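Submitted below is the structure of interest, expressed as C-alpha cells.
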Amino acid sequence: QVQLVESGGGLVQPGGSLRLSCAASGSIFRFYNMGWYRQAPGKQRELVARITSGGDTNYADSVKGRFTASRDNAKNIMYLQMNSLKPEDTAVYYCNTAESVWWDWGQGTQVTVSS
C-alpha cells in the first residue's frame, strides 16, 4: 500500500508560518483526493484541508484564509502552507486520502505554536 511521510513541522511563534510536506510512495497518489488532518492534545483527529486530485481545495472554518493546500502530482507530494499560526493550531499533522478508505497513517509531523 501507499506509504505516507509527513515533514516540515516545528516550533513557531504565534503569527509565524510553516510549510508542511507529505511524500507518498506510490504513483496512484495522483488519482486520489487527499487531505491534511491534525490531532491536537485531548481532541479527535480532524480534517483541516482537502485537495482533490485536480487541485481544488476546501478548508475547515478554523483554518480558512490562513492555510493553503497544494500538490505536485508529478512528484507525489502534497503541501500545506500554514500562515498566521495560532496556539490552537498546535497538533500533530497528518496526510491521508479524503476518500472512503484511508491508507496506513504515517507518523505525522508535530506543529507547536507558542511564544
Side-chain angles (χ1 to χ4, degrees):
Q1 191 51 268
V2 174
Q3 296 182 55
L4 299 166
V5 180
E6 301 91 348
S7 62
L11 174 63
V12 296
Q13 295 186 355
S17 297
L18 284 173
R19 188 185 190 225
L20 308 184
S21 298
C22 169
S25 64
S27 61
I28 63 171
F29 168 85
R30 64 191 176 97
F31 296 111
Y32 283 80
N33 300 325
M34 299 294 296
W36 282 100
Y37 302 80
R38 69 185 182 189
Q39 187 165 20
K43 295 187 176 181
Q44 297 293 313
R45 184 186 292 116
E46 64 172 333
L47 177 68
V48 297
R50 179 181 181 270
I51 182 165
T52 69
S53 60
D56 294 327
T57 57
N58 52 51
Y59 303 91
D61 287 343
S62 58
V63 308
K64 196 170 299 180
R66 301 187 297 118
F67 290 10
T68 304
S70 60
R71 65 194 294 167
D72 185 340
N73 285 338
K75 296 181 178 179
N76 295 335
I77 298 175
M78 61 184 293
Y79 305 96
L80 186 67
Q81 179 66 47
M82 309 164 65
N83 299 325
S84 302
L85 283 162
K86 304 175 180 179
E88 49 263 49
D89 295 319
T90 295
V92 179
Y93 284 73
Y94 303 88
C95 59
N96 215 316
T97 70
E99 303 277 4
S100 60
V101 177
W102 286 318
W103 295 327
D104 288 345
W105 294 93
Q107 293 300 304
T109 186
Q110 175 72 52
V111 172
T112 302
V113 185
S114 177
S115 58

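In this text, all values refer to a predicted model and were calculated from it rather than measured experimentally.
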Gap between atom OG1 of Thr57 and atom CG of Leu80 - 0.5 Å precision: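 So the CG of Leu80 and the OG1 of Thr57 are separated by 10.5 Å.
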
CE on Met34 to SG on Cys22, rounded to 0.5 Å: 5.0 Å

Short side-chain donor-acceptor distance under 3.5 Å, Thr52 and Asn33: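 Asn33 vs Thr52: no donor-acceptor pair found between side chains.
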
Donor-acceptor contact below 3.5 Å, side chain Tyr93 vs main chain Gly8: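 It does not hold such a pair.
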
Over 12 non-hydrogen atoms of neighbours within 6.0 angstrom of CD in Gln39: yes

Tyr37 ring center within less than 6.0 Å of Trp105 ring center: yes

Between CH2 on residue Trp103 and SG on residue Cys95, distance to nearest 0.5 Å: 9.0 Å

Carboxylate-amine/guanidinium proximity below 4.0 Å for Lys86 and Asp89: no

Any donor-acceptor N/O pair, Arg45 side chain to Tyr94 backbone, under 3.5 Å: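 Looks like no, no N/O pair under 3.5 Å.
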
Greater than 12 external heavy atoms within 6.0 Å of Gln110's CD: yes

Contact check, side chains of Glu6 and Leu20, non-hydrogen atoms, under 4.5 Å: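 They are not in side-chain contact.
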
Passing option when Phe29 is tested against Val2, Asn73, Leu4 for side chain to side chain contact (heavy atoms under 4.5 Å, CB included):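 For Phe29, the side chain to side chain contact (heavy atoms under 4.5 Å, CB included) test succeeds with only one of Val2, Asn73, Leu4, which is Asn73.
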
Thr90 side-chain N/O to Val113 backbone N/O, donor-acceptor pair under 3.5 Å: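 Judged by distance alone, yes, a pair lies under 3.5 Å.
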
Check: Ser84 main-chain N/O paired with Arg66 side-chain donor or acceptor under 3.5 Å: yes

Tyr79 OH to Thr68 OG1 distance, which is reported to the nearest 0.5 Å: 14.5 Å

Lys64 atom NZ, neighbour heavy-atom count above 12 within 6.0 Å: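 Count over threshold, so yes.
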
Those residues that, when tested against Asn58, pass side-chain hydrogen bond (donor to acceptor under 3.5 Å, both in side chains) (two or more places apart): none

Distance-minimising heavy-atom pair for Ala69 and Trp36: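 Taking Ala69 first and Trp36 second, the nearest heavy atoms are CB-CD1, 4.3 Å.
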
Heavy-atom side-chain proximity of Arg38 to Val63 below 4.5 angstrom: yes

ILVMFWY cluster, Val111 and Val92 together (side-chain gap under 4.5 Å):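 No, Val111 and Val92 fall in different hydrophobic clusters.
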
Arg50 atom CZ, neighbour heavy-atom count above 12 within 6.0 Å: yes

Leu18 side, atom CG; Gln81 side, atom CD - distance, nearest 0.5 Å: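 Interatomic distance, Leu18 CG to Gln81 CD, rounded to 0.5 Å: 8.5 Å.
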
Pro14 versus Ser115, closest heavy-atom pair with distance: CD-N, 3.7 Å

Met78 with Tyr59, same ILVMFWY side-chain cluster at under 4.5 Å: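 Met78 clusters together with Tyr59.
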
Donor-acceptor under 3.5 Å (Asn83 side chain, Ser17 main chain): no

Linked, directly or transitively: Tyr32 and Ile77 (ILVMFWY side chains, under 4.5 Å): no

same_hphob_cluster(Ile51, Ile28) at 4.5 Å side-chain heavy-atom cutoff: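 In one cluster: yes.
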
